Amino acid sequence: MFSNLKKQPTDKIMAMMGKFRADPRVGKIDLGVGVYKNAEGVTPVMRAVKAAEHKLWEEQQSKAYVGLVGDPAYADAMIGLVLDGAVPRENIGAAATPGGTGAVRQAFEMIKMATPEARVFVSNPTWPNHISILNYLGIEVVPYRYFDSETRGVDFAGMMEDLDGLKAGDVVLLHGCCHNPTGANLNLAEWQQVIDVLNTKSAIPMIDIAYQGFGDGLAEDAAATRLVASSVPECLIAASCSKNFGIYRERTGLLMAVSQDAGAKALTQENLAFLNRQNYSFPPDHGARLVTMILNDDKLRADWQNELEAVRLEMLGLREQLADELQRLSGSDRFGFLAQHRGMFSLLGTTPDMVEVLRANNAIYMVPDSRMNIAGLDTATVPILAKAIIDAGI
Ligand code: LMR
């Protein structure tokens, strides 16, 4: 049987992680996988998470199963964080999932179950695993233009032209904030135009929100998701706690099925539970419980928000430092987009060959499409990266 297996394509982000680890050079710089690192190069456990874990260790009396969709208190807390009352709670079916990827996977499965002929429109480019999972499930993928390689902003006219090809029942995958991999985002007026086209075409939005709090702030980063959820008849939202709570390995996500019709909830909730049961039965609880404890405790929540805000401001500072340094070295404003982008990532907009030059000459690692994890930098490595970019002739 095993001999029938085929070699699988390597995920380019995972491949980069392996190459970086194997590189013996001192001073190597990892701008690959999307993990926050502080100035010491450490991905710390956040203070509020530590405090919640301590409390949980003292208070938790049982590790028995919770429920197929997880603890309803977790769904309530996360729905509050993401949607903040934009849609009545009774209109939302929700299930805890293993990480944001689990939520994305379950959302795609639900789409296929409900509308087998639906196509999923994805931004070009998007997070590679979106396409990989869609292909694996046999769902047709339709790319829409997104990144303008001249301005390094959003090619909004191109995007709208491509969305004009939507048919009723198609799904449009949108990044709620902090677009991965580009860092370029729609403004709220553009979101409104996207909503209008979705409603005109009777297409369904699916929002992947994995970086709430990393862009312009917790509420600001959720504004587009809230606007969509309150303006369309139905949508799916896949949320991740990996980055904003720093609990990457705890696999903590939530899938929401939002409807304007409260009557739909019983059915969406039942189907979410069914999908969890088929794929892994009970979702992981540890991370979800920590998130619930933090969001429901004023002191822990305030401390978490403060630490998250510091991380956000640190990333913004690094963006500005890098843009300034490149401005100084190149004598031009052509890297100004780095300060405009938001979130962890920026697409530098150069070729895989140039990315390889940076790796070979400077031990700087980024994804071959030239996605850089800004949080992999610190104030000391920014000038090294800037010089390497200019030396490579980018
Ligand atoms: C990333 O894009 O680097 C992260 O979302 C990690 C991953 O799973 O790819």
Side-chain angles (χ1 to χ4, degrees), residues 8-21 28-38 41-43 82 97-108 122-137 141 146-147 173-185 206-215 221 225 237-255 280 283-284 287 308 311-312 315 318-319 341-349 352 355 359 364-377:
Q8 297 298 338
T10 335
D11 181 288
K12 54 188 185 178
I13 300 171
M14 299 301 118
M16 199 47 49
M17 280 171 86
K19 271 192 174 179
F20 179 81
R21 276 201 200 111
K28 58 186 178 176
I29 300 174
D30 180 13
L31 309 181
V33 70
V35 169
Y36 165 75
K37 293 199 195 100
N38 64 17
V42 176
T43 305
V82 176
T97 55
T101 308
V104 165
R105 167 68 188 249
Q106 299 296 66
F108 290 160
V122 300
S123 63
N124 181 18
T126 190
W127 183 49
N129 212 19
H130 284 149
I131 296 175
S132 180
I133 301 173
L134 286 165
N135 287 339
Y136 181 67
L137 292 174
V141 178
Y146 187 80
F147 191 62
L173 179 55
L174 298 151
H175 299 219
C177 62
C178 308
H179 186 268
N180 178 5
T182 67
N185 297 290
M206 171 181 158
I207 299 184
D208 186 356
I209 178 158
Y211 299 90
Q212 187 184 353
F214 272 32
D221 291 349
T225 304
I237 304 171
S240 171
C241 302
S242 297
K243 332 276 165 162
N244 52 6
F245 287 87
I247 49 174
Y248 304 84
R249 66 176 69 163
E250 301 299 351
R251 312 313 297 136
T252 310
L254 187 80
L255 175 58
Y280 38 76
L308 176 61
V311 165
R312 183 182 81 79
M315 286 189 292
L318 291 167
R319 286 188 172 284
H341 286 172
R342 283 294 178 274
M344 244 181 182
F345 306 117
S346 267
L347 200 67
L348 189 54
V355 171
R359 193 196 67 78
I364 295 172
Y365 284 74
M366 51 183 82
V367 185
D369 62 5
S370 76
R371 186 192 82 170
M372 307 185 285
N373 173 19
I374 298 293
L377 290 166

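This is a predicted model, so every value here is computed, not measured. For ligands, and for the atoms within them, numbers begin at 1 and follow the listed sequence.
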Should Asn129 be listed as contacting ligand 1, given a heavy-atom distance under 4.0 Å as the test?
no

Residue-level breakdown please: for Met344 versus ligand 1, do any non-hydrogen atoms fall below 4.0 Å on the side chain, on the backbone, on both, or on neither?
neither

For residues Ser240 and Gly100, report the shortest heavy-atom separation together with the two atoms involved.
CB-CA, 3.7 Å

So is Thr101 polar-close to ligand 1, meaning N/O to N/O under 3.5 Å?
no

List the closest protein heavy-atom neighbour of atom 4 (C) of ligand 1: residue, atom name, distance to the nearest 0.1 Å.
Lys243 NZ, 3.2 Å

Can you find an N/O atom of Gly34 closer than 3.5 Å to an N/O atom of ligand 1?
yes

Less than 3.5 Å apart, any donor N or O on the side chain of Thr126 or His175 sitting next to an acceptor on the other?
yes

Taking atom 9 (O) of ligand 1 as the reference point, the nearest protein heavy atom with its distance:
Trp127 NE1, 3.0 Å

Show which atoms of ligand 1 fall inside a sub-4.0 Å distance from at least one heavy-atom site of Val33.
3 (O), 6 (C)

Could you check whether Phe147 and His179 have their ring centres less than 6.0 Å apart?
no

Test item: Phe345 and Thr182 side chains (from C-beta on) under 4.5 Å apart, heavy atoms:
no

Do the side chain of Asp221 and the main chain of Phe214 share a donor and acceptor less than 3.5 angstrom apart?
yes

Look only at the side chain of Lys28 and the backbone of Phe20, and say whether a donor-acceptor pair between them is shorter than 3.5 Å.
yes

Which bit of Tyr211 is near ligand 1, meaning a heavy atom under 4.0 Å away: side chain, backbone, both or neither?
side chain

Taking atom OH of Tyr136 as the centre, does the number of heavy atoms from other residues, nucleotides or ligands within less than 6.0 Å exceed 12?
no

Tell me the contacting part of Arg371 for ligand 1: side chain, backbone, both, or neither, using a 4.0 Å heavy-atom threshold, strictly below.
side chain

